[in-house]
Amino acid sequence: MEYDNLKLTSSEIGTLWGEYVNGTMAEIVNRYMISILEDESIKKVFEIAIKTWEKQKKQLVSFIEKDGFPVPIGFTESDLNKSAERLFSDTFCLNYLHIMTIHGLLGHTTAFSVSVRKDMREFYNSCDNDAKSMYNLTIELLLKKGKFQRDPYFYPNESPEFISTKDFTDGFFGKGRLLSASEIISISLNIKKGIMAKALSIGFSQVTESKDVRKFFEELEKTADENLQALSKIMQKDNLPVPMSLESEVTTSKDSPFSDKLMLYHMGFLAQTAQVYYGTGLAGAMRTDLAVAYEKAILKTLGITKNWFDIMVKNKWLEQPPLAPNRKELAQDK
């Protein structure tokens with residue numbers, strides 16, 4: 001049996017569809033950023049990112065068309081205003097590429113894990129390697145420029161220890177313990193991602209033409225700030241540092257580099273992926289105050305994504321992914 005000739009499964013076409021739409025969105029943002037960058041070393045990293053996507057995009061189209069599915073529209077030249085004034089600093093652009101690369105790593109790994117066909121697995125494995133390479137490039141450059149904010153340091157214990165009291169889970173009444181290294185993994189990453197999302201929503205709210213979209217960005221900024229404050233408070237309570245904000249890396253420009261459709265979709269994408277990371281943090285939280293903070297963040301972000309969906313549908317901006325066949329309708333058509 002020729003396994004590479006197997007028809008795409010629903011999961012496989014779903015990942016291809018999502019990778020294409022999200023990839024075209026990131027491509028437009030990257031092309032804008034490379035046009036405003038002044039630092040040549042950062043510009044070179046963006047050039048690699050754009051070339052890498054061009055290679056991946058061709059393969060995605062090939063997979064989709066081979067099985068007869070329509071290629072999504074995604075985002076195109078019409079979503080980019082090449083002559084727009086600078087909205088972000090070079091530092092913000094580099095941080096943006098780093099955070100979006102982390103999202104890419106998660107996406108490629110998920111896509112790989114649901115792929116059966118060998119050619120699909122090989123493709124997503126190569127995408128994963130590309131993302132790892134980009135992650136290394138962005139980390140190295142952020143470190144070189146002194147812009148990478150490392151997670152808190154811990155001092156080693158003399159020997160391994162076991163949990164010996166139920167107070168280990170208490171985070172409200174002062175009887176519990178300090179944050180564990182495993183809990184800080186999610187806290188730190190969620191704070192860094194939230195900082196970028198908040199700054200991006202501030203920039204987008206300045207330049208959008210739609211009142212509804214601006215109101216959404218302002219609500220998202222408020223929610224992102226509340227979630228950031230809740231997680232930062234837990235860190236600071238244990239005398240641990242939190243990363244600096246990126247708000248000062250957004251200029252005062254009111255000239256939009258992107259369509260409202262792209263900006264709104266982008267923030268919806270970040271809100272949806274935030275749910276995944278909050279859920280991961282909740283699953284690993286062993287302190288009650290931390291678990292409650294994640295639960296509140298998830299509920300608040302759920303409300304945001306509902307508003308996002310309503311605005312996207314109202315403006316006919318949300319492409320419909322492939323759906324399962326409606327057997328009842330097929331039977332009635334006979």
Side-chain angles (χ1 to χ4, degrees), residues 18-19 21-34 36-37 39 42-43 45-46 48-50 52-53 87-110 127-128 130-151 184-204 217 220-221 223-225 227-228 231-232 242-250 257-258 262-263 265-281 297 301 304:
E19 291 259 348
V21 175
N22 294 334
T24 54
M25 173 198 72
E27 176 191 24
I28 296 300
V29 178
N30 288 346
R31 285 176 56 194
Y32 165 70
M33 288 185 171
I34 200 172
I36 63 171
L37 284 168
D39 189 304
I42 300 177
K43 187 177 289 189
V45 177
F46 270 84
I48 295 171
I50 291 170
T52 299
W53 165 246
L87 183 59
F88 306 112
S89 70
D90 284 12
T91 295
F92 180 89
C93 293
L94 182 55
N95 273 280
Y96 171 87
L97 184 57
H98 175 66
I99 294 295
M100 290 300 288
T101 298
I102 293 174
H103 287 305
L105 281 166
L106 176 63
H108 299 324
T109 302
T110 301
C127 289
D128 186 56
D130 289 337
K132 288 175 181 176
S133 176
M134 182 55 58
Y135 180 84
N136 287 329
L137 287 172
T138 55
I139 284 279
E140 290 295 332
L141 197 50
L142 284 165
L143 286 170
K144 182 179 179 181
K145 295 183 177 298
K147 299 296 184 179
F148 186 77
Q149 302 185 63
R150 304 183 70 179
D151 296 337
I184 288 180
I185 296 172
S186 290
I187 299 175
S188 183
L189 183 55
N190 277 306
I191 288 176
K192 290 176 182 177
K193 288 170 70 279
I195 285 171
M196 196 273 286
K198 181 184 176 183
L200 203 61
S201 64
I202 290 173
F204 286 172
F217 289 150
L220 180 60
E221 177 194 341
T223 299
D225 184 64
N227 293 341
L228 281 171
L231 293 176
S232 297
V242 296
M244 294 176 60
S245 76
L246 290 171
E247 294 163 43
S248 61
E249 305 299 333
V250 180
F258 312 115
L262 184 144
M263 292 188 291
Y265 180 87
H266 200 325
M267 297 315 299
F269 165 79
L270 292 177
Q272 289 170 335
T273 54
Q275 299 281 57
V276 177
Y277 286 93
Y278 289 145
T280 302
T301 310
I304 286 291

Rounded to the nearest 0.5 Å, how far apart are [atom1] of [X] and [atom2] of [Y]?
X    : Y    : atom1 : atom2 : answer
F269 : L262 : CZ    : CG    : 12.0 Å
N95  : K192 : CG    : NZ    : 9.5 Å
I102 : I99  : CD1   : CD1   : 4.5 Å
L94  : T138 : CG    : OG1   : 6.5 Å
I28  : Y265 : CD1   : OH    : 13.5 Å
Q272 : N22  : CD    : CG    : 9.0 Å

TODO: For the pair M100 and V29, evaluate side chain to side chain contact (heavy atoms under 4.5 Å, CB included) and give the outcome as yes or no after the intermediate values.
DONE: CA-CA 11 Å; M100 290 300 288; V29 178; over 6 Å; no
Where is the tightest heavy-atom contact between [X] and [Y], given as atom of each residue plus distance?
X    : Y    : result
A224 : G194 : CB-O, 4.5 Å
M33  : F92  : CE-CE2, 4.0 Å
V250 : A199 : CG2-O, 3.5 Å
A271 : T301 : O-CG2, 3.4 Å
I195 : M244 : CD1-O, 3.5 Å

Taking the side chain as C-beta and beyond, is there a heavy-atom pair between [X] and [Y] under 4.5 Å?
X    : Y    : result
E140 : F148 : no
L270 : H103 : yes
M134 : V45  : yes
T91  : K145 : no
I185 : L189 : no
D130 : W53  : no
Y277 : L106 : yes
I36  : C93  : yes

TODO: Would you mind checking if K147 and D90 are paired as a salt bridge, meaning a charged N to carboxylate O distance below 4.0 Å?
DONE: no
Task: Evaluation steps, side chain to side chain contact (heavy atoms under 4.5 Å, CB included), between T223 and N227 - done: CA-CA 6 Å; T223 299; N227 293 341; 3.8 Å; yes
Just checking, any donor-acceptor pair under 3.5 angstrom between side chains of [X] and [Y]?
X    : Y    : result
S201 : E221 : no
N30  : Y96  : no
D151 : S188 : yes

Task: Validation row, ring centre F258 to ring centre H266 under 6.0 Å - done: no
- [ ] With sequence neighbours left out, write down each residue that passes side chain to side chain contact (heavy atoms under 4.5 Å, CB included) with D128, or none if nothing qualifies.
- [x] L105, H108, T109, K132
Task: Working for side chain to side chain contact (heavy atoms under 4.5 Å, CB included), residues V242 and L228 - done: CA-CA 10 Å; V242 296; L228 281 171; over 6 Å; no
- [ ] Evaluate the ring planes of F204 and F217, with Trp represented by its six-membered ring, and classify them as parallel (under 30°), tilted (30 to 60°) or perpendicular (over 60°).
- [x] tilted
Open item on the list: Please evaluate residues Y32 and L87 with respect to the criterion side chain to side chain contact (heavy atoms under 4.5 Å, CB included), reporting the C-alpha separation (whole Å), side-chain torsions for both, the decisive distance (0.1 Å), and the verdict.
Closed with: CA-CA 10 Å; Y32 165 70; L87 183 59; 3.6 Å; yes
